[in-house]
Structure formats: C-alpha cells, structure tokens
**Student:** 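Dropping the structure in here first, questions after.
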Amino acid sequence: MLKRTKIIDVLNADQPMAEVLVKGWVKTKRDAKDFSFIELNDGSCLKNIQIIANNTLKNYNDVKKLTTGSSIAVTGALIESAGGKQKFEIKAGNIEIYGIAPEDYPLQKKGMSDEFLRTIAHLRPRTNKYGAAFRVRSRLSYAIHNFFQSRGFVYVHTPLITASDCEGAGEMFQVTTLDLKNPPKLPNGEIDYGKDFFGKEARLTVSGQLNGEMYACALGNIYTFGPTFRAENSNTQRHAAEFWMIEPEMAFADIYDDMDLAEDMVRYLVKDIMENCADDIELFAKFIDPTLKDTLQNIIDNGFARITYTEAIEIMQKSGKKFEYTPEYGIDLQTEHERFLAEEHFKRPVIVRDYPKEIKAFYMRLNDDGKTVAAMDVLVPRIGELIGGSQREERYELLQKRIVESGMDIANYDWYLDSRKYGTVPHAGFGLGFERMMMLVTGIANIRDTIPFPRTPKSIGF
RNA sequence: UCCGACUUAGCUCAGCGGUAGAGCAAUCGGCUGUUAACCGAUUGGUCGUUGGUUCGAAUCCGACAGUCGGAGCCA
C-alpha cells in the first residue's frame with residue numbers, strides 16, 4: 001500500500017519518481033480539451049503541486065467537476081514539468097475524490113479582504129496568507145521553547161483560573177458555576193460566593209507572573225507560555241481578549257540581565273523564522289509589508305537602543321516634534337511617543353527603563369533614587385510595546401507597603417509575600433505578547449489575523 | 001469606553017431624492033501545456049435594522065447594531 005507523501009516533500013524531490021500518492025485540496029483547476037490542470041495544496045507548504053489529469057482517467061467525467069476547495073487523493077508519476085513555472089508535476093494515474101466543494105464555497109481565486117476572511121475564520125487557513133501565518137505561528141512557538149530550553153529555563157504551567165482579583169493588569173473575566181438568573185444571596189443581599197465552585201470569587205488570569213515568580217525562586221530560571229485573558233473593552237489592532245503570553249522569570253537577576261534576555265530572545269526568534277519559514281516570509285514581504293525583510297534583518301544585525309524613561313522624555317522634548325500629548329516627566333508614554341522613539345528617532349527597537357513608580361505596577365523594584373522603579377519596556381517599530389518587564393521588589397517591607405498603597409487586599413497576597421519572607425533573592429522577568437511577536441515577524445497589521453479564532457469585544461464566533 | 005468613517009449581488013465597489021449597476025466569483029458553452037489562464041452567455045440584491053421627512057428614500061435626518069481606523073487600557 002502506497003503511503004501519502006506531503007506535497008512539500010514531493011516538491012523538494014531530487015529526481016522524478018515512478019509513483020507517488022498525494023492528498024489535498026484543489027486550489028484551482030484549468031481544463032484543456034483532453035485533460036485538466038489541477039493545483040493541489042495540502043498545507044505542508046505554500047506551494048501547490050500541479051496535477052495533470054488526462055481524459056483517459058476512468059472517472060474523468062467526475063474529475064472535470066472538481067471545484068476549488070474539493071478534496072482528492074492522487075496517485076501518479078512525478079515527472080519533470082513541460083510548463084515553465086514549476087520543476088515537477090504529477091501525471092495522475094488515479095484520482096480518488098473525497099469531497100466536492102459546492103458552488104457556494106466562499107474562498108475565491110483572488111484577493112479577499114482580511115475583514116471578510118475573519119467572517120469565515122474556519123476556512124481562512126486554507127488561503128495562502130493564513131496558511132503561511134499559522135505555519136509561522138507553529139514554528140515561532142517551537143522556537144520559543146528552543147530558546148528557553150537550550151538555556152536551561154524550566155517550563156512552568158501556571159493556572160488559568162485565579163482568585164487574585166487584582167493582578168494589576170486590567171479587567172478580568174469572572175468564572176462561576178452559579179445560576180446567574182437566580183444566584184444564592186447572603187442576608188445583606190450580596191451574592192454568596194461561598195456557594196460558588198471554588199467557594200470564593202474566581203477569575204481568568206491576566207498574567208502568570210506572580211505564580212511564575214514562586215517557581216523561579218525555587219528552580220532558578222523558568223518560563224511560562226500559555227493563554228491569558230483580558231476583559232478590557234479594547235478595540236485596536238493589537239489587543240485581544242484571549243491571547244498567548246510568554247513570561248520568563250530569573251532568580252538572581254537584575255534589570256540589566258532582564259533586558260539582555262529580552263533582546264537575545266527577540267533576535268533569536270526573528271533569526272529562526274527568517275531561516276526556517278523563508279517561503280512564508282517571502283509571501284508576507286510580497287503581499288503584506290514590502291519593508292518586512294529589511295525590518296527583520298535590521299533586528300538581527302543591530303542591537304537594541306537602551307535609554308531611561310527620563311532620557312526618553314528629554315529626547316522627545318528636544319526633538320522639536322509636535323506631540324498631541326506633550327512629553328514631560330511623570331506622564332505615561334503614549335502610543336505616539338513609543339512610535340516616535342522606535343520608528344523615527346532610533347529606527348530600531350528601543351528598551352526604555354526606570355519609569356516613575358506612580359505609573360507602574362506594585363511589584364516592580366524601587367530604585368535607589370526613590371522615584372523610579374526598575375521597569376523596562378521593549379518598543380518596536382509599528383507595534384509599540386512588545387515586551388513589558390521589570391526587576392521585582394524583593395524587599396519584604398517595601399513590597400508590603402506598595403501592595404497597600406496600590407489599594408489591594410493584602411490578604412490575597414500572603415503567599416506572594418512569603419517568597420520575600422523566606423530566603424528572598426533579587427529576580428527579574430518580563431511578559432512577551434506572542435501575537436505581537438507574530439505581528440513583528442510576519443508584518444500582519446491586525447492581531448485578529450495572527451490567532452486562529454480571535455476573541456475580541458462582541459466577537460466570539462467559531 | 002471615547003472620536004471618526006463605513007454597512008448596496010458570494011467578494012470588491014459605483015450610484016447620493018424619481019424605483020439598482022460594474023468588475024471579479026459562480027453556472028453553462030467554447031478554446032488553449034495552462035499558471036489568480038482566456039473568450040462568450042446566463043444567474044444573482046425586500047440597498048445593516050428601525051423610526052421619521054417627502055407625492056416618492058439605497059440616496060436626507062434620528063436611534064440602534066455591526067465592521068473598520070484612531071485614542072485609552074496593555075502584551
């Protein structure tokens with residue numbers, strides 16, 4: 001019994017073969033008088049294999065009815081193509097039809113808008129662009145694991161359901177098994193969460209960081225890589241309600257170790273994708289972002305700029321550029337500021353560190369100046385914030401004070417404080433938005449097109 | 001959530017007060033070792049929903065919904 005060969009392997013063959021079996025979906029068919037050209041794709045690569053279906057096939061009448069999107073198995077000889085645009089083609093000896101795609105098949109043999117394709121998210125991976133995007137997504141995941149595993153980082157699975165109702169990173173989705181139409185009530189009229197599944201209010205996590213820190217303070221260097229949920233009503237090209245995040249955490253590390261790791265990681269990932277997804281990147285460079293390859297090569301070749309928040313403000317003030325929000329010490333960096341720094345001033349990724357403590361999270365380490373914290377953001381052209389990280393506050397009293405100042409319930413953080421109570425160590429980490437990294441390496445402009453079935457406000461189809 | 005634009009055939013759009021059009025797709029036929037093939041014909045729409053103005057609304061006004069872009073929040 002002949003086994004299926006993937007089209008990528010057929011196309012990469014050194015020489016013709018007497019008999020191969022390929023299976024896939026028809027991309028397009030062109031009929032001649034006595035035979036048909038069929039372009040077949042099985043998702044193993046961007047390219048199609050051309051099938052020559054002669055009218056001597058016993059089911060040629062059925063083969064002639066094949067439409068774009070139909071699925072078939074083809075057995076035949078791999079021969080050198082008589083046509084100009086491909087090395088090999090398959091002269092079919094037998095074609096088995098699995099399923100015809102009826103005339104209402106929505107994918108067409110022409111450019112379709114991303115907005116339209118989002119409405120058929122279940123079929124869009126069959127297009128060239130999305131097939132390429134999701135092959136890259138897989139490779140990028142693999143490369144992330146490679147990067148950390150090769151450096152001895154331990155992969156930790158942090159929980160998705162949490163009782164910490166304020167991790168300081170935005171609105172959260174509630175998780176409950178209570179009957180929302182008729183919830184149990186306390187005498188004072190409030191909902192009795194004691195009767196809920198976990199016996200208290202539960203939510204989907206917005207970050208695995210706090211849990212990750214606990215494992216870093218035991219195993220040394222760790223990373224997480226998993227889904228994250230934000231219930232923010234964000235309607236932008238770079239926010240999703242459900243997205244994937246990578247969060248490394250290093251014990252015995254400071255903010256400079258943190259920046260080094262972030263930069264090494266981004267450059268490693270870009271290089272890996274350039275080397276291993278060359279055809280797919282070529283497609284993105286051709287149809288999506290003509291500057292993509294220069295952008296990526298620039299990241300590989302040049303180190304990231306590094307400045308402090310204070311220097312960033314000064315650079316913008318001296319630039320003479322008119323900003324909608326005037327740069328002055330104390331404000332949070334706006335999108336226009338981030339893009340100015342990365343796109344216009346440095347023309348490459350830039351890491352900004354040491355932000356005023358007022359605009360950053362409670363767990364970030366207070367610097368000796370008493371005004372700033374050891375936070376760092378990696379800003380990249382076009383996307384803005386790719387990575388946000390910090391050295392963590394390891395001093396028990398200071399951390400406790402910051403939790404109280406932030407208005408959070410300290411009772412929920414006793415376990416977190418324990419890591420500072422028992423053998424505390426300096427440590428640091430960051431969060432990388434996986435889909436934002438996808439946007440960087442593919443040039444895809446909208447985060448909704450980098451994740452298979454995107455979840456955004458008012459949108460949870462499929 | 002705020003600001004703005006948009007919503008007409010399967011897709012991309014035109015029409016902007018007098019009763020709906022193009023290109024592509026699809027279907028049928030022809031032709032050709034073709035390359036998002038080509039040529040011809042055909043099919044296809046209660047113009048987002050809902051109220052109003054008007055003799056008459058796809059077209060003007062309001063509300064609502066959705067989509068997109070920008071902002072905020074952040075990854």
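Excluded from the calculations below are hydrogen atoms, water molecules and symmetry mates; all remaining heavy atoms, backbone and side chain alike, are included. Lettering of chains follows the sequences in order, A, B, ..., and the numbering in each one begins at 1.
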**Student:** Mind checking if Gln86(A) touches a base, just sugar-phosphate, or nothing, with heavy atoms under 4.0 Å?
**Tutor:**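 Counting heavy atoms under 4.0 Å across all strands, the contact made by Gln86(A) includes a base.
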**Student:** Take atom CE of Met172(A) and atom C1' of A75(B), then tell me their distance rounded to the nearest Å.
**Tutor:**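 Answer to the nearest Å: 15 Å.
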**Student:** Could you work out the separation of C16(B) and C47(B) based on their C1' atoms and round it to a whole Å?
**Tutor:**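 Result for the C1' pair: 12 Å, nearest Å.
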**Student:** In this structure, how many angstroms lie between the C1' atom of C74(B) and the CD atom of Glu385(A), rounded?
**Tutor:**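 Roughly 6 Å, once rounded to whole Å.
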**Student:** Would you kindly give the CD1-to-P distance between Ile331(A) and G72(B), to the nearest whole Å?
**Tutor:**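 So the CD1-P distance, Ile331(A) to G72(B), works out to 10 Å.
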**Student:** Both distances below 3.5 Å, Watson-Crick or wobble geometry, any strand: find the nucleotide opposite G18(B).
**Tutor:**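 In the structure as shown, G18(B) has C55(B) as its Watson-Crick or wobble partner.
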**Student:** Should Arg118(A) and Asp449(A) count as an ion pair when the cut-off is N to O under 4.0 Å?
**Tutor:**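 Salt bridge flag = yes for Asp449(A) with Arg118(A).
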**Student:** Have a look at Ile52(A) and say if it touches a base, only the backbone sugar-phosphate, or nothing, with a 4.0 Å heavy-atom cut-off.
**Tutor:**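 Base contact.
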**Student:** With a cut-off of less than 4.0 Å, is there a side-chain N or O of Arg118(A) near OP1 or OP2 of C68(B)?
**Tutor:**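 Checking C68(B) against Arg118(A), a side-chain N or O does come within under 4.0 Å of OP1 or OP2.
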**Student:** Please state the P separation for the pair U12(B) and G17(B) - nearest whole angstrom.
**Tutor:**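 One P to the other, the span is 26 Å.
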**Student:** Among Ile387(A), Asp354(A), Val352(A), exactly one meets side chain to side chain contact (heavy atoms under 4.5 Å, CB included) together with Met376(A). Which residue is that?
**Tutor:**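 It is Ile387(A); the other options fail the test.
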**Student:** Take atom C1' in U54(B) and the same atom in A65(B), then report the distance between them in whole Å.
**Tutor:**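 The same atom, C1', in both gives a distance of 26 Å.
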**Student:** When the P atoms of G18(B) and U35(B) are considered, how many whole Å apart are they?
**Tutor:**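 The answer is 45 Å between these two P atoms.
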**Student:** Measure the distance from CG on Asn235(A) to C1' on G4(B) and round it to the nearest whole Å.
**Tutor:**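 Rounded to whole Å, this separation is 14 Å.
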**Student:** Considering Watson-Crick and G-U wobble pairs with both distances under 3.5 Å, what does C31(B) pair with?
**Tutor:**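 Paired with no nucleotide.
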**Student:** Counting any heavy atom closer than 4.0 Å, what does Glu89(A) reach on the DNA or RNA strands: base, sugar-phosphate only, or nothing?
**Tutor:**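 Since a base atom lies under 4.0 Å of Glu89(A), the category is base.
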**Student:** Give Glu336(A) one of three labels, base, sugar-phosphate or nothing, depending on what nucleic acid heavy atoms sit under 4.0 Å from its own.
**Tutor:**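 If one applies the 4.0 Å heavy-atom cut-off, Glu336(A) turns out to touch nothing in the nucleic acid.
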**Student:** Measure from the side-chain N and O atoms of Gln334(A) to the backbone N and O of Asp332(A), and report whether any donor-acceptor pair falls under 3.5 Å.
**Tutor:**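 Yes.
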**Student:** Scan Gln334(A) against the nucleic acid and name what it touches under 4.0 Å (heavy atoms): base, sugar-phosphate only, or nothing.
**Tutor:**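 Touches sugar-phosphate only.
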**Student:** For the base of A75(B), is there a side-chain donor-acceptor partner from Arg230(A) under 3.5 Å away?
**Tutor:**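 Answer is yes: a donor-acceptor pair is held.
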**Student:** Over all strands shown, is Ile387(A) touching base, sugar-phosphate only, or nothing at heavy-atom distances under 4.0 angstrom?
**Tutor:**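 Sugar-phosphate contact only.
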**Student:** Phe116(A) side chain: which of U12(B), G69(B), A71(B) is closest?
**Tutor:**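 Looking only at side-chain atoms, Phe116(A) lies closest to U12(B).
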**Student:** Would you mind reading off the distance between Lys29(A) atom NZ and G33(B) atom P, rounded to a whole angstrom?
**Tutor:**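 Roughly 16 Å, once rounded to whole Å.
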**Student:** Which sits closer to the 5' end of RNA chain B, Lys360(A) or Arg448(A), going by the nucleotide each is nearest to?
**Tutor:**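 With Lys360(A) and Arg448(A) compared, the 5'-side residue is Arg448(A).
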**Student:** When you check every protein heavy atom under 4.0 Å of nucleotides 24-29 of chain B, what one-letter string (B, S, -) results, 5' to 3'?
**Tutor:** BSSS--
**Student:** Please give the nucleotide sitting opposite G48(B) as a Watson-Crick or G-U wobble pair, both distances under 3.5 Å, or none.
**Tutor:**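 C64(B) is the nucleotide pairing with G48(B).
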**Student:** Can you tell me how the ring of Tyr329(A) sits relative to the ring of Tyr309(A), calling it parallel under 30°, perpendicular over 60° and tilted otherwise?
**Tutor:**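 Tyr329(A) vs Tyr309(A) ring planes: perpendicular.
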**Student:** How is Phe229(A) classified with respect to the nucleic acid when contacts are heavy atoms under 4.0 Å: base, sugar-phosphate, or nothing?
**Tutor:**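 Nothing: the residue Phe229(A), judged by heavy atoms under 4.0 Å, touches no strand.
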**Student:** Considering Watson-Crick and G-U wobble pairs with both distances under 3.5 Å, what does G23(B) pair with?
**Tutor:**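 Paired with C11(B).
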**Student:** When we call it a touch if two heavy atoms are under 4.0 Å apart, what does Lys33(A) touch: a base, just sugar-phosphate, or nothing?
**Tutor:**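 The answer is base, as Lys33(A) lies within the cut-off (heavy atoms under 4.0 Å) of a base atom.
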**Student:** Do you know which of Leu46(A), Ile49(A), Leu78(A) makes side chain to side chain contact (heavy atoms under 4.5 Å, CB included) with Leu11(A)?
**Tutor:**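 Running side chain to side chain contact (heavy atoms under 4.5 Å, CB included) over Leu46(A), Ile49(A), Leu78(A) with Leu11(A) returns exactly one hit, Ile49(A).
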**Student:** Where the side chain of Arg30(A) is concerned, which of C73(B), A37(B), U67(B) is the nearest nucleotide?
**Tutor:**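 Nucleotide nearest to Arg30(A)'s side chain: A37(B).
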**Student:** What nucleotide, of C74(B), U67(B), A71(B), holds the atom closest to the side chain of Glu115(A)?
**Tutor:**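 Of all the options, the side chain of Glu115(A) is nearest to U67(B).
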**Student:** Closest to the Ser81(A) side chain: G33(B), A71(B), C74(B)?
**Tutor:**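 Minimum distance to the Ser81(A) side chain belongs to G33(B).
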**Student:** Between G72(B) and C3(B), how many Å separate the two P atoms, rounded to a whole number?
**Tutor:**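 16 Å, rounded to whole Å.
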**Student:** So, are Arg392(A) and Glu249(A) salt-bridged, with charged N and O less than 4.0 Å apart?
**Tutor:**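 The answer is yes: the pair qualifies as a salt bridge.
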**Student:** Between the base of C74(B) and the side chain of Arg436(A), is there a donor-acceptor distance below 3.5 Å?
**Tutor:**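 Donor-acceptor pair under 3.5 Å: yes.
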**Student:** For the C1' atoms, the ones on A58(B) and on U8(B), what distance do you get once it is rounded to whole angstrom?
**Tutor:**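 Those two atoms are separated by 7 Å.
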**Student:** Rounding to the closest angstrom, what is the interatomic distance between C60(B) and G15(B) at atom P?
**Tutor:**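 Result for the P pair: 11 Å, nearest Å.
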**Student:** What is the distance from CG of Asn233(A) to P of A71(B), rounded to the nearest Å?
**Tutor:**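 Rounded to the whole Å, the gap is 16 Å.
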**Student:** For Thr236(A), which contact category applies under a 4.0 Å heavy-atom criterion: base, sugar-phosphate, or nothing?
**Tutor:**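 Thr236(A): base contact, heavy atoms under 4.0 Å.
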**Student:** Phe243(A) stacking on A75(B): centroids under 5.5 Å, ring planes under 30°?
**Tutor:**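 Aromatic stack with A75(B) present for Phe243(A).
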**Student:** With a 4.0 Å cut-off, would you call Glu39(A) and Arg30(A) a salt bridge?
**Tutor:**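 Arg30(A) and Glu39(A): salt-bridged.
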**Student:** State, without any angle test, whether Ser36(A) and Lys29(A) hold a side-chain donor-acceptor pair at a distance under 3.5 Å.
**Tutor:**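 Not at all, the side chains of Ser36(A) and Lys29(A) share no donor-acceptor pair under 3.5 Å.
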**Student:** Under 4.0 angstrom, heavy atoms only, what part of the nucleic acid is Asn446(A) near: base, sugar-phosphate, or nothing?
**Tutor:**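 Sugar-phosphate contact only - Asn446(A) comes under 4.0 Å of backbone atoms but never of a base.
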**Student:** Taking atom C1' of A71(B) as reference, at what distance in whole Å does atom OH of Tyr325(A) sit?
**Tutor:**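 From Tyr325(A) OH to A71(B) C1': 6 Å.
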**Student:** Between Ala241(A) and Phe37(A), which has a closest nucleotide on RNA chain B that is more 5'?
**Tutor:**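 Per heavy-atom nearest nucleotide, the more 5' residue is Phe37(A).
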**Student:** If you measure only the distance, is there a donor-acceptor pair under 3.5 Å linking the side chains of Asn55(A) and Lys64(A)?
**Tutor:**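 No, Lys64(A) and Asn55(A) have no side-chain donor paired with an acceptor closer than 3.5 Å.
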**Student:** Classify the nucleic acid contact of Met245(A) as base, sugar-phosphate or nothing, counting any heavy atom under 4.0 Å across all strands shown.
**Tutor:**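 Sugar-phosphate: the residue Met245(A), judged by heavy atoms under 4.0 Å, touches backbone atoms but no base.
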**Student:** Check the phosphate of C68(B) against Gln237(A), side-chain N and O only, distance under 4.0 Å to OP1 or OP2. Yes or no?
**Tutor:**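 So the side chain of Gln237(A) is outside the cut-off, no N or O lying under 4.0 Å from OP1 or OP2 of C68(B).
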**Student:** Under 30°, 30 to 60°, or over 60°: which ring-plane class applies to Phe225(A) and His145(A), parallel, tilted or perpendicular?
**Tutor:**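 Judged by the thresholds at 30° and 60°, the geometry between Phe225(A) and His145(A) is tilted.
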**Student:** Given U35(B), is OP1 or OP2 found less than 4.0 Å from the side-chain N or O atoms of Gln50(A)?
**Tutor:**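 Checking U35(B) against Gln50(A), no side-chain N or O comes under 4.0 Å of OP1 or OP2.
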**Student:** Check the distance between A71(B)'s P and Leu333(A)'s CG and give it to me in whole angstrom.
**Tutor:**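 Checked: the CG to P distance equals 14 Å.
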**Student:** Please give the distance between the P atoms of A71(B) and U34(B) as a whole number of Å.
**Tutor:**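 A71(B) and U34(B) have their P atoms separated by 50 Å.
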**Student:** Using a strict threshold of under 4.0 Å (side-chain N to carboxylate O), is an ion pair present between Asp377(A) and Arg353(A)?
**Tutor:**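 Result for this pair is no, no salt bridge flagged.
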**Student:** Is any N or O donor-acceptor pair between the side chain of Ser234(A) and the base of C74(B) shorter than 3.5 Å?
**Tutor:**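 No, the side chain and the base share no sub-3.5 Å donor-acceptor pair.
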**Student:** Between Ser70(A) and Thr67(A), do the side chains contain an N or O donor and an N or O acceptor separated by less than 3.5 Å?
**Tutor:**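 The answer is yes; a qualifying pair exists.
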**Student:** Should G69(B) form a Watson-Crick or G-U wobble pair with both distances under 3.5 Å, which nucleotide is its partner?
**Tutor:**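 By the stated definition (distances under 3.5 Å), C3(B) pairs with G69(B).
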